[in-house]
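If you read the sequence from its start, that first residue is 1, and numbering goes on from there.
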Amino acid sequence: MSSLITDDEISHETELVWLEDVSEFDYVRQRLDRLPTRRGKPPYHGAVRVVGYALLGPQAKPSRASGTFRRRVFWLQPHDRPLDPDGLYATGAPAEAVDPSTLAPGSRGRKTERSEGGPLSSVKLPG
């Protein structure tokens with residue numbers, strides 16, 4: 001969940017890669033995943049639609065136990081409002097959802113009126 005991501009966990013991010021134009025999405029979900037590399041598209045299967053991910057700089061250290069890196073992944077479920085406006089989240093948003101216009105490398109992002117089902121803001125995506 002977004003609220004559980006701390007600044008120090010994402011401090012080694014150097015770039016956010018968007019696989020889709022998320023400027024029209026009022027929210028994306030985010031989570032920290034254990035991935036084998038600092039860079040590259042994370043492998044995902046099934047109904048999850050990955051829309052972006054973070055790249056880490058060379059100073060990011062792997063876990064001693066697993067050798068993996070904790071990286072943010074941005075994703076949507078088929079029933080999320082950006083994909084199904086009249087579905088389960090016609091109003092409100094999942095706990096891990098944030099407005100993509102508030103995201104930047106090393107910044108957790110936040111919920112906004114837009115991400116909770118209000119009007120799209122005129123805020124531009126970083127980068």
Side-chain angles (χ1 to χ4, degrees):
M1 292 173 35
S2 301
S3 60
L4 300 179
I5 295 174
T6 63
D7 291 336
D8 64 315
E9 291 175 305
I10 58 176
S11 64
H12 297 300
E13 292 180 346
T14 59
E15 184 180 346
L16 300 182
V17 175
W18 297 109
L19 302 172
E20 299 186 32
D21 178 5
V22 294
S23 63
E24 296 299 316
F25 293 169
D26 46 1
Y27 70 78
V28 295
R29 296 176 187 240
Q30 69 174 342
R31 68 175 168 218
L32 282 170
D33 281 349
R34 293 205 172 275
L35 299 169
T37 63
R38 290 179 182 91
R39 306 180 76 72
K41 182 180 176 187
Y44 270 80
H45 308 285
V48 173
R49 181 168 156 184
V50 174
V51 296
Y53 55 91
L55 303 181
L56 302 178
Q59 73 280 18
K61 302 289 185 230
S63 163
R64 287 186 216 168
S66 66
T68 58
F69 297 88
R70 293 192 74 198
R71 289 175 41 206
R72 272 194 302 177
V73 177
F74 305 99
W75 54 288
L76 294 168
Q77 291 280 359
H79 58 269
D80 282 329
R81 187 171 54 251
L83 304 178
D84 184 8
D86 299 319
L88 178 62
Y89 292 107
T91 60
E96 66 272 18
V98 293
D99 185 331
S101 67
T102 67
L103 291 165
S107 172
R108 290 180 285 169
R110 65 185 194 288
K111 290 189 182 288
T112 62
E113 181 180 351
R114 163 182 138 138
S115 68
E116 292 297 308
L120 290 177
S121 69
S122 60
V123 176
K124 299 293 183 204
L125 285 171

Output all residues satisfying side-chain contact (heavy atoms from CB on, under 4.5 Å) with T14, sequence neighbours left out; order by chain, then residue number.
R39, L55

Do the side chains of V17 and L56 join up, straight or via other hydrophobic residues, at under 4.5 Å, putting them in one cluster?
no

What I'd like to find out is whether the side chain of V98 reaches to under 4.5 Å of the side chain of R108, using heavy atoms alone.
no

Measure from the side-chain N and O atoms of R72 to the backbone N and O of L16, and report whether any donor-acceptor pair falls under 3.5 Å.
no

Applying salt bridge (charged side-chain N to carboxylate O under 4.0 Å, His left out), name anything that partners K111, two or more places apart in sequence or on another chain.
E116

Return yes when atom CZ of R34 has more than 12 non-hydrogen atoms of other residues, nucleotides or ligands closer than 6.0 Å, and no otherwise.
yes

Atom CG in L76, atom OH in Y27: separation rounded to 0.5 Å?
7.0 Å

Going by the rule ring-ring contact (aromatic ring centres under 6.0 Å, His included), which residues pair with F74 if we only count those two or more places apart in sequence or in a different chain?
W18

Without placing hydrogens or testing angles, list every side-chain donor-acceptor pair under 3.5 Å for residues 81-95, not counting sequence neighbours.
residue : atom : partner : partner atom : Å
R81     : NE   : D26     : OD2          : 2.6
R81     : NH1  : Y89     : O            : 2.6
R81     : NH1  : G92     : O            : 2.5
R81     : NH2  : D26     : OD2          : 3.3
R81     : NH2  : S115    : O            : 2.7

Shared hydrophobic cluster, L35 / W75 (ILVMFWY, side-chain heavy atoms < 4.5 Å):
yes

Rounded to the nearest 0.5 Å, what's the gap from CD on Q59 to NE2 on H12? Could you check?
5.5 Å

Are the side chains of R114 and P100 in touch, meaning some heavy atoms are under 4.5 Å apart?
yes

Listed by chain and number, what are the side-chain hydrogen bond (donor to acceptor under 3.5 Å, both in side chains) partners of Y53, not counting sequence neighbours?
none

Approximate separation, where rounding is to 0.5 Å, of L103 CG and I10 CD1
8.5 Å

Per the salt bridge (charged side-chain N to carboxylate O under 4.0 Å, His left out) rule, what does the pair list look like for residues 42-61, sequence neighbours excluded?
E20-R49

Separation between CG of L19 and NZ of K41, rounded to the nearest 0.5 Å
5.5 Å

When you measure from the side chain of R71 to the backbone N and O of T37, does any donor-acceptor pair fall under 3.5 Å?
yes

Identify whether the distance between the nearest side-chain nitrogen and carboxylate oxygen of R110 and D99 falls below 4.0 Å.
no

Minimal non-hydrogen separation, R38 against P62, with atom names
NH2-CD, 4.4 Å

Looking only at atom types and distance, does a side-chain atom of E9 sit under 3.5 Å from a main-chain N or O of R70, one as donor and one as acceptor?
no

